[in-house]
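Working notes for the structure below.
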Amino acid sequence: MDTGSDLVWFPCAPFQCILCEGKFNATTPLKLTRSHRVSCQSPACSAAHSSMSSHDLCAIARCPLDNIETFDCSSATCPPFYYAYGDGSFIARLYRDSLSMSSLFLKNFTFGCAHTALGEPTGVAGFGWGLLSLPAQLATLSPNLGNRFSYCLVSHSFDEQRVRKPSPLILGRYDDSGEGSEFVYTSMLRNPKHPYFYCVGLSGISVGKKTILAPEMLRRVNGRGDGGVVVDSGTTFTMLPASLYNSVVSEFDRRVGRVQKRASKVEEKTGLEPCYFLEGLVEVPTVTWHFVGNDSNVVLPRGNYFYEFLDGDDGVRRKVGCLMMMNGGDDSELSGGPGATLGNYQQQGFEVVYDLENQRVGFAKRECASLWDNLNRHKS
């Protein structure tokens with residue numbers, strides 16, 4: 001489930017995944033029998049090809065020129081398209097079929113069918129702000145379901161032996177009166193170059209009592225699609241532009257580094273900084289995100305930005321803690337897209353709601369495992 005992309009796709013037999021060794025793969029490739037390929041004149045096909053005109057698509061599909069000129073290209077099927085993520089890619093064709101999901105039955109559901117992928121072994125449910133996303137297609141059946149969804153991510157664990165509890169995904173509204181936590185909302189910003197991104201404005205980040213102002217590009221999105229912060233369930237760690245990242249790291253180290261010793265070898269090994277050897281009771285400053293809007297402030301729980309673990313060789317293991325944000329690159333190089341990414345590590349323990357009707361994103365602190373249990377109890 002990925003809010004940073006707008007396509008639902010499955011691996012289809014025969015399926016080859018390149019550089020997928022060691023990645024979680026519990027998917028049996030789909031075997032299509034009665035599904036229909038999407039016509040190259042379909043708006044869905046244009047969306048998959050980055051909004052090319054249907055004439056261009058017919059040319060790609062190798063329609064004869066006389067058919068293109070006479071608009072007699074309806075029999076042609078959508079040609080293969082290439083789709084890329086930050087850490088993988090695939091080539092697929094578009095198909096339509098009926099989708100059954102719980103009590104819902106959605107006719108003419110459009111999805112991608114991939115036979116070759118790079119680093120993407122399982123398929124993705126795109127929840128982005130686009131024509132082909134799952135919410136957009138659900139909205140054609142029921143606007144109440146498609147125009148609002150939320151998820152609540154249970155805490156991350158890098159321990160493979162730990163039992164992982166489900167993270168609830170909620171389509172539509174539900175009675176949240178008993179949860180005891182109000183949502184903090186900030187407005188969505190339209191990105192003309194990447195219309196499927198859910199971008200928001202960030203005015204600053206507080207480390208303890210010191211507020212570090214965000215660069216201007218994170219507060220808004222310009223006409224070229226530059227700026228803003230994309231809220232992305234499919235990216236693990238938050239990526240900040242270098243100027244803001246360095247200021248946050250500097251202030252964090254000023255507060256913690258005067259008490260705890262830096263673990264430089266851990267930083268070299270993990271790519272995270274700052275990291276510290278933790279001795280005794282460790283006080284860590286509170287980190288608060290200040291989104292654009294009145295009182296749009298989200299205080300992060302300690303576990304959302306400071307990860308503690310044991311590290312060491314030769315049987316000598318010491319407790320270490322690292323700040324879990326990353327340098328997204330020099331500000332001057334961040335053009336043609338969002339200036340920062342709010343990753344899912346910082347979203348854990350919050351219900352994050354995407355209210356498409358009112359074009360806003362909201363955050364509410366939750367016990368996500370309990371929310372799952374409560375929702376299923378009400379369902380039964």
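Surrounding CG of N294 are at most 12 heavy atoms belonging to other residues, nucleotides or ligands under 6.0 Å away. Within a 6.0 Å sphere centred on NZ of K23, heavy atoms belonging to other residues, nucleotides or ligands number more than 12. Residue R190 places its CZ atom among more than 12 non-hydrogen atoms of other residues, nucleotides or ligands, all under 6.0 Å distant. Annotation: E308, atom CD; neighbour count of heavy atoms from other residues, nucleotides and ligands within 6.0 Å is above 12.
Going from atom CD of Q347 over to atom OG1 of T235 covers 9.5 Å, rounded to the nearest 0.5 Å. Between the NE2 atom in H115 and the CG atom in L30 there is a gap of 9.5 Å [rounded to 0.5 Å]. We find the SG-CG distance between C113 and L94 to be 10.0 Å, quoted to the nearest 0.5 Å. Atom CG in L145 sits 10.5 Å away from atom OG1 in T140 (nearest 0.5 Å). Note: L169 CG to L375 CG = 10.5 Å, rounded to the nearest 0.5 Å. Atoms CD and OG1, from Q41 and T77 in turn, are 12.0 Å apart once rounded to the nearest 0.5 Å.
Classified by interplanar angle (parallel below 30°, tilted 30° to 60°, perpendicular above 60°), the ring pair Y354/Y151 is tilted. Under the 30°/60° scheme for interplanar angles, the aromatic rings of Y83 and F81 are found to stand perpendicular. A tilted orientation is assigned to the rings of W9 and F15, their planes being inclined by 30° to 60°.
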Point to revise | side-chain contact (heavy atoms from CB on, under 4.5 Å) between V229 and F197, intermediate numbers included | key: CA-CA 9 Å; V229 179; F197 280 154; over 6 Å; no

Review point. Stepwise, does the side-chain contact (heavy atoms from CB on, under 4.5 Å) test hold for V353 with V361?
Key: CA-CA 6 Å; V353 63; V361 178; over 6 Å; no

Practice item. Report the C-alpha separation of F183 and F363 in whole Å, then their side-chain angles, then the decisive distance to 0.1 Å, and conclude whether the ring-ring contact (aromatic ring centres under 6.0 Å, His included) test is met. Key: CA-CA 5 Å; F183 281 100; F363 304 86; 8.7 Å; no

Exercise for review: Verify salt bridge (charged side-chain N to carboxylate O under 4.0 Å, His left out) between R318 and E279, making sure each step is shown before the conclusion.
Suggested key: CA-CA 9 Å; R318 300 179 65 181; E279 306 289 346; 3.1 Å; yes

Exercise for review: Evaluate side-chain hydrogen bond (donor to acceptor under 3.5 Å, both in side chains) for Y196 paired with N191, printing each intermediate quantity in order.
Suggested key: CA-CA 8 Å; Y196 50 86; N191 188 313; over 6 Å; no

Check your understanding: Please walk me through it: do K265 and D311 pass salt bridge (charged side-chain N to carboxylate O under 4.0 Å, His left out)?
Key -> CA-CA 10 Å; K265 289 187 177 180; D311 183 81; over 6 Å; no

Exercise for review: In sequence, state the C-alpha distance, the side-chain angles, and the governing distance for Q137 and L106, and then conclude on side-chain contact (heavy atoms from CB on, under 4.5 Å).
Suggested key: CA-CA 8 Å; Q137 296 194 64; L106 189 60; 4.2 Å; yes

Review point. Checking side-chain contact (heavy atoms from CB on, under 4.5 Å) for the pair C78/Y95: CA distance, chi angles, key distance, verdict?
Key: CA-CA 9 Å; C78 191; Y95 287 85; over 6 Å; no

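Under the 4.5 Å side-chain criterion, counting only non-hydrogen atoms from C-beta, L272 is not in contact with E267. Looking only at side-chain heavy atoms (C-beta outward), V287 and V248 stay at 4.5 Å or farther from each other. Side-chain contact between V282 and Q260 is present, with heavy atoms from C-beta onward closer than 4.5 Å. For the pair P301 and K365, the minimum side-chain heavy-atom distance is below 4.5 Å. When side chains are defined from C-beta on, Y345 does not count as touching T238, because their heavy atoms never get closer than 4.5 Å. Contact of the V200 side chain with the L342 side chain is not registered, since no non-hydrogen atoms from C-beta on lie closer than 4.5 Å. Between L7 and V124 the shortest side-chain heavy-atom distance does not fall below 4.5 Å. Looking at C368 and S167, their side chains never come closer than 4.5 Å, going by heavy atoms from C-beta outward.
Between G201 and L189, the shortest heavy-atom contact is N-CD1, 3.6 Å. Taking every heavy atom of both residues into account, S89 and A84 meet most closely at CB-CA, 4.0 Å. When all heavy atoms of P121 and P11 are compared, the pair lying nearest together is O-CG, 4.0 Å. Across all their heavy atoms, A136 and L131 have their closest contact at CB-O, 3.6 Å. In plain terms, the two heavy atoms of F350 and N304 that are nearest each other are CE1-ND2, 3.7 Å. The minimum heavy-atom distance linking P168 with W372 is given by the pair CA-CE3, 3.5 Å.
Ring centers of Y198 and W129: under 6.0 Å apart, within the cut-off.
A side-chain contact (heavy atoms from CB on, under 4.5 Å) with C45 is found for exactly one of C58, P79, S54, S39, namely P79.
Checking H290 against S206 by side-chain atom types alone, a donor-acceptor pair falls below 3.5 Å. For E351 and S150, the side-chain atoms include at least one donor-acceptor pair closer than 3.5 Å. Side-chain contact annotation: S35 with D97, donor-acceptor N/O pair under 3.5 Å present. Remark: the T341 side chain and the D232 side chain contain no N/O donor-acceptor pair separated by less than 3.5 Å. Checking R96 against S42 by side-chain atom types alone, a donor-acceptor pair falls below 3.5 Å. Residues D2 and Y85 bring no donor and acceptor atom of their side chains to less than 3.5 Å of each other.
Of the possible polar contacts, none joining the N67 side chain to the C63 backbone as a donor-acceptor pair under 3.5 Å is found. Remark: side-chain polar atoms of T3 are paired, donor with acceptor, to backbone N or O of V231 under 3.5 angstrom. In this structure, N344 contributes its side chain and S233 its backbone to a donor-acceptor pair below 3.5 Å. Between the side chain of S133 and the backbone N or O of G130 there is at least one donor-acceptor pair closer than 3.5 Å. Under a 3.5 Å cut-off, the side chain of D226 and the backbone N or O of N222 do not form any donor-acceptor pair. In terms of modelled atom types and a separation under 3.5 Å, the side chain of S250 and the main chain of N246 share no donor-acceptor contact.
C322-C275 SG separation is under 2.5 Å; the pair is scored as a disulfide.
Residues I91 and L32 fall into different hydrophobic clusters, defined by Ile, Leu, Val, Met, Phe, Trp and Tyr side chains chained together at heavy-atom separations under 4.5 Å. Note on F111 and V38: separate hydrophobic clusters, where clusters join Ile, Leu, Val, Met, Phe, Trp and Tyr whose side-chain heavy atoms are under 4.5 Å apart, directly or indirectly. Follow the hydrophobic side-chain contacts under 4.5 Å out from F127 and you never reach V230; the two are in separate clusters. No single ILVMFWY cluster, assembled from side-chain heavy atoms under 4.5 Å apart, contains both L132 and F149.
The cationic group of R93 does not satisfy the cation-pi geometry with Y82, failing either the under 6.0 Å distance to the six-membered ring centre or the 45° limit from the ring axis.
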